[in-house]
Amino acid sequence: MSIKLKSSLLAGICTLLMAINTADMGGLKDITKPYLGEYRCESALYGKTDCLQYFSFIKFELKTGEEYLLTFKFKDGKQQQKTGKYEYDKEKKTIKILTPAGNEWHREFPVENGKIIFAFPFGDKCLKLTFLQGG
């Protein structure tokens with residue numbers, strides 16, 4: 001009796017899973033792109049100055065279609081969003097942030113083990129932002 005119940009339950013679960021529209025879930029394509037998703041800024045240094053003290057949060061999301069969304073909220077409550085395009089290099093495990101047409105500023109940053117580190121010269125100092133996935 002117990003085996004029939006377990007078999008019926010298993011058959012019901014399998015039927016339910018097959019009935020779900022996988023297009024709404026992003027599909028297998030997204031599963032094979034573990035770099036996709038939201039990252040939370042854990043460290044923001046300009047030289048030796050901790051810039052996170054000025055923000056409630058900074059989030060960076062890599063979306064399907066090679067689009068990103070940067071969302072940040074200042075301590076005073078003002079929130080802003082910026083969007084743009086990126087390219088992911090599977091072999092190098094980097095993302096390249098693309099700028100609008102006509103501007104040739106493209107930079108590559110490492111994406112590995114759920115971490116993105118943006119580091120580049122800004123003015124006379126280095127700006128280094130470290131983001132952790134799902135943070």
Chemist: Donor-acceptor pair, Gln133 side chain versus Pro34 backbone, under 3.5 Å?
Modeler: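 Indeed, once roles are kept as given, a pair shorter than 3.5 Å links the two residues.
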
Chemist: Do Leu70 and Phe57 share a hydrophobic cluster (ILVMFWY, side-chain heavy atoms under 4.5 Å, transitive)?
Modeler: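 No, no single cluster joins them.
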
Chemist: Any chance you could measure Thr71, atom OG1, to Ile58, atom CD1, to the nearest 0.5 Å?
Modeler: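 Thr71 OG1 to Ile58 CD1: 11.0 Å, rounded to 0.5 Å.
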
Chemist: Just wondering, are more than 12 heavy atoms of other shown residues or ligands nearer than 6.0 Å to NZ in Lys128?
Modeler: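 Atom NZ in Lys128 is not packed in, count stays at 12 or less.
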
Chemist: Report the relative orientation of the aromatic rings in Phe122 and Tyr46; use parallel for angles under 30°, tilted for 30 to 60°, perpendicular for over 60°.
Modeler: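 The rings of Phe122 and Tyr46 stand perpendicular, inter-plane angle above 60°.
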
Chemist: Report yes if the side chains of Glu87 and Leu98 come closer than 4.5 Å at any heavy-atom pair, otherwise no.
Modeler: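 When only atoms from C-beta onward are counted, Leu98 and Glu87 do touch, with a gap below 4.5 Å.
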
Chemist: Do the side chain of Tyr35 and the main chain of Thr94 share a donor and acceptor less than 3.5 angstrom apart?
Modeler: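 Checked: no pair found.
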
Chemist: Can you find a pair of side-chain heavy atoms, one from Glu67 and one from Lys85, that are under 4.5 Å apart?
Modeler: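 Yes, at least one pair of side-chain atoms sits under 4.5 Å.
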
Chemist: Is Leu45 reachable from Ile116 through a run of I, L, V, M, F, W or Y residues, each pair having side-chain heavy atoms under 4.5 Å apart?
Modeler: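 Per the 4.5 Å side-chain linkage, Ile116 and Leu45 are not co-clustered.
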
Chemist: Determine, using the 4.5 Å side-chain heavy-atom cutoff (strictly less than), whether Phe131 and Phe74 are members of one ILVMFWY cluster.
Modeler: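 In one cluster: yes.
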
Chemist: Which heavy atom in Ala44 sits nearest to a heavy atom in Cys41, and how many Å separate them?
Modeler: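 Reported closest heavy-atom pair: CB-SG, 4.0 Å.
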
Chemist: What distance separates Glu61 CD from Tyr39 OH, expressed to the nearest 0.5 Å?
Modeler: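 Going from the CD atom of Glu61 to the OH atom of Tyr39 covers 10.5 Å.
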
Chemist: Do Val111 and Lys93 have side chains that approach each other closer than 4.5 Å (heavy atoms only, starting at C-beta)?
Modeler: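 The answer is no, as the side chains (C-beta and beyond) never meet within the 4.5 Å cut-off.
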
Chemist: Linking I/L/V/M/F/W/Y whenever any side-chain heavy atoms sit under 4.5 Å apart, do Ile97 and Ile117 land together?
Modeler: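 Cluster IDs for Ile97 and Ile117 differ.
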
Chemist: Taking atom NZ of Lys75 as the centre, does the number of heavy atoms from other residues, nucleotides or ligands within less than 6.0 Å exceed 12?
Modeler: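 Yes, because the 6.0 Å sphere around NZ of Lys75 holds more than 12 heavy atoms from other groups.
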
Chemist: Using ring centroids (six-membered ring only for Trp), state whether Phe118 and Phe120 fall under 6.0 Å.
Modeler: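 Centroid distance Phe120-Phe118: not below 6.0 Å, so no.
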
Chemist: Going by heavy atoms in the side chains, are Leu129 and Phe109 under 4.5 Å from each other?
Modeler: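 Contact flag for Leu129/Phe109 side chains = no.
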
Chemist: In terms of hydrophobic clustering (I, L, V, M, F, W, Y; side-chain heavy atoms under 4.5 Å; direct or indirect links), are Tyr54 and Phe60 co-clustered?
Modeler: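 Yes; Phe60 is reachable from Tyr54 via cluster members.
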
Chemist: Would you name the heavy atoms of Lys82 and Phe72 that are closest together and state the gap between them?
Modeler: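 Shortest heavy-atom separation between Lys82 and Phe72 comes out as CG-CE2, 4.2 Å.
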
Chemist: To the nearest 0.5 Å, tell me how far Thr83 OG1 sits from Lys63 NZ.
Modeler: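 With rounding to 0.5 Å, OG1 (Thr83) is 8.5 Å from NZ (Lys63).
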
Chemist: Can you tell me how far CD of Gln79 sits from NZ of Lys59, rounded to the nearest 0.5 angstrom?
Modeler: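 It is 7.5 Å, given to the nearest 0.5 Å.
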
